[in-house]
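Below: one structure, written as structure tokens.
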Number of protein chains: 2
Amino acid sequence: MDSSSRPRSTRDRPAKAPLSAEAIIDAALAILKSDGLDAVSMRRVAAALDTGAGSLYVYVTGREGLQEAMFDRIIATIELETPDPSRWRAQLHSLLGRLRDALVAHPGIAAATMVDPPRTEVVLGLLENLLGLLLASGLEPQRAAWAADILAAQVSYAAIEAELRRTDPTALAAQVTANFARLPADRFPLITAHAEQLVAGGVDERFRFAVDVVIDGVLATTSAR
Amino acid sequence: MDSSSRPRSTRDRPAKAPLSAEAIIDAALAILKSDGLDAVSMRRVAAALDTGAGSLYVYVTGREGLQEAMFDRIIATIELETPDPSRWRAQLHSLLGRLRDALVAHPGIAAATMVDPPRTEVVLGLLENLLGLLLASGLEPQRAAWAADILAAQVSYAAIEAELRRTDPTALAAQVTANFARLPADRFPLITAHAEQLVAGGVDERFRFAVDVVIDGVLATTSAR
DNA sequence: GTTTGTAACGAACACTGTTCGTAACATACA
DNA sequence: TGTATGTTACGAACAGTGTTCGTTACAAAC
């Protein structure tokens, strides 16, 4: 759809059409989902497309650019919410939950593209939606804007944390609990006493709690300071 | 101090003593502080110690183990607070602020060791202290335990965010603002309308706000659910 | 003085991202 | 039909990376 709509030159049509940015990102996402971000090397992506690594650089600026493009595609799949002042809190939970799930489904992408300021329209669309939900609560703009940032941190953190437990959800918790129990109680009285609470709850429950805490906190008047 | 106190064999003393885990971590931290985590390669660390990369593997399990050891040393420098129920909130801000500053001083370490569950006694000591401050507020143990996790996420996020602005604090903000202003107002009404609020505040101010939000939120009764 | 065990070296392996000179190819023009 | 053209893809090469391991050197113990 590019060659016909943009006739910048008389000889615009490519000779062959097996390679394209779309195809490269598709192949990269497939590897990402199955084997994680570390496995997404330029050579591996190229091999999946039956070509050499160097050929990718025509359509992708490099590994970093490819990662950003992958992140963009992942975010694009997330269904947004049309802010409703009567149920904005539930909508917030839904949206952030879907975001977290999408990140978990692509291991490593959360840690890699966590803090880059949003640039693409897709990511900005997500921010726009998040901001809309927060403002629907009646929050003042400044608090809503900062709350969006705080929630983004929680989503990323929860996603990375969930990735760790992806292989075996309970095994890690058991191991951590055992580690806590083994500690000398005289030097770590609180950790040993509350080991159960520290590892309590599943990923979902903890995430719900975190989002609620942030919402409740940002709704509360800034009392102590 | 190791060779004399632990005579596990009759021939215990090493032939030479230029290399040690301590020396390796020291050299790695120096590179980390000046050039960031990506620059901390096994070869570069070895070169700083006038040896080959392979020689490091006697004292360090590998790159990952070295990073953990570096993280441990960084955390070890953080001064803890003895919980005081009359000023726990200020103590919390102090402790988390120092933690964030220490992470920012070592670019990349926050993103790398963010979510690994705490294992070493040093890191657990920090958790113990954090838990102590939260419990000093009168929080029930379960909420305090989960709050510790939420705050850890905020610290890591703030540290990574601060690293980005390390080179030029205002340049990035200006660039992001310009990006927001350039957006089509019809599709991004909220972002364009509140672009100022989105980038408002320095790193410190935003961090203080985030910590206060979490504290206020976890103190609030779980109203809506 | 010889034996012994540990510590250090450094070459080698299998990778990584990236660059770039070269070759192929269907298209446009003569 | 033949030549020129500009895009496209290839694949070798470069400078790195983490890690392994056979070999060597050295100071202490017998």
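Chain identifiers are assigned alphabetically (A, B, ...) following the order of the sequence lines, protein sequences preceding nucleic acid strands; residue numbering begins at 1 within each chain. No experiment lies behind these values; they were computed from the predicted model shown.
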Practice item. Ignoring backbone atoms, establish whether A:Tyr57 has a side-chain N or O less than 4.0 Å from OP1 or OP2 of C:dC20. Key: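 The answer is no; no side-chain N or O of A:Tyr57 sits under 4.0 Å from OP1 or OP2.
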Between B:Glu128 and A:Arg187, is the closest basic N to carboxylate O distance under 4.0 Å?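 No, A:Arg187 and B:Glu128 are not salt-bridged.
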ask   = Touch check for A:Ser55, heavy atoms < 4.0 angstrom, all strands: base, sugar-phosphate only, or nothing?
value =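 Base: the residue A:Ser55, judged by heavy atoms under 4.0 Å, touches a nucleobase.
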Using a heavy-atom cut-off of 4.0 Å across all strands, would you classify A:Asp50 as base, sugar-phosphate, or nothing?
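Result for A:Asp50 = sugar-phosphate.
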Distance in angstrom units between [X] [atom1] and [N] [atom2], rounded:
X: A:Ile24; N: D:dT8; atom1: CD1; atom2: C1'; value: 12 Å
X: A:Met42; N: D:dG16; atom1: CE; atom2: P; value: 19 Å
X: A:Leu49; N: D:dG11; atom1: CG; atom2: C1'; value: 16 Å
X: B:Leu37; N: D:dG18; atom1: CG; atom2: C1'; value: 14 Å
X: B:Leu19; N: D:dC26; atom1: CG; atom2: C1'; value: 15 Å
X: A:Glu64; N: C:dT18; atom1: CD; atom2: C1'; value: 13 Å
X: B:Arg44; N: D:dG16; atom1: CZ; atom2: P; value: 11 Å
X: B:Leu56; N: D:dG18; atom1: CG; atom2: C1'; value: 11 Å

- Task: Look at the side chain of B:Arg43 and the base of D:dG16, then say whether one donor and one acceptor between them are separated by less than 3.5 Å.
- Result: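 Result: no qualifying N/O pair found.
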* To do: Consider the side chain of B:Tyr59, meaning its heavy atoms from C-beta on, and name the nucleotide among C:dA7, C:dT18, D:dA9 that approaches it most closely.
  =>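 Among C:dA7, C:dT18, D:dA9, the one nearest the side chain of B:Tyr59 is C:dA7.
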- Message: Run the side-chain contact (heavy atoms from CB on, under 4.5 Å) test against B:Ala147 and tell me which residues pass, sequence neighbours left out.
- Response: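 Applying side-chain contact (heavy atoms from CB on, under 4.5 Å) to B:Ala147 gives B:Leu134, B:Val218.
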Item checked: Single hit among A:Arg119, A:Arg63, A:Arg73 for side chain to side chain donor-acceptor pair (under 3.5 Å) with A:Glu68 ->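 Option passing the side chain to side chain donor-acceptor pair (under 3.5 Å) with A:Glu68: A:Arg119.
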_First of B:Val40 and A:Val58 reached from the 5' end of DNA chain D, by closest nucleotide_ =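 Mapping each residue to its closest nucleotide by heavy atoms, the 5'-most match is A:Val58.
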Would you give me the side-chain donor-acceptor pairs under 3.5 Å for residues 100-111 of chain B, sequence neighbours excluded?
unit_1: B:Arg100; atom_1: NH1; unit_2: B:Asp204; atom_2: OD1; d: 3.1
unit_1: B:Arg100; atom_1: NH2; unit_2: B:Asp204; atom_2: OD1; d: 2.7
unit_1: B:His106; atom_1: ND1; unit_2: B:Ala102; atom_2: O; d: 2.8

Original post:
Are there more than 12 heavy atoms of other residues, nucleotides or ligands under 6.0 Å from atom CG of B:Asp186?
Top reply: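 Yes, the 6.0 Å shell around CG holds more than 12 heavy atoms from other groups.
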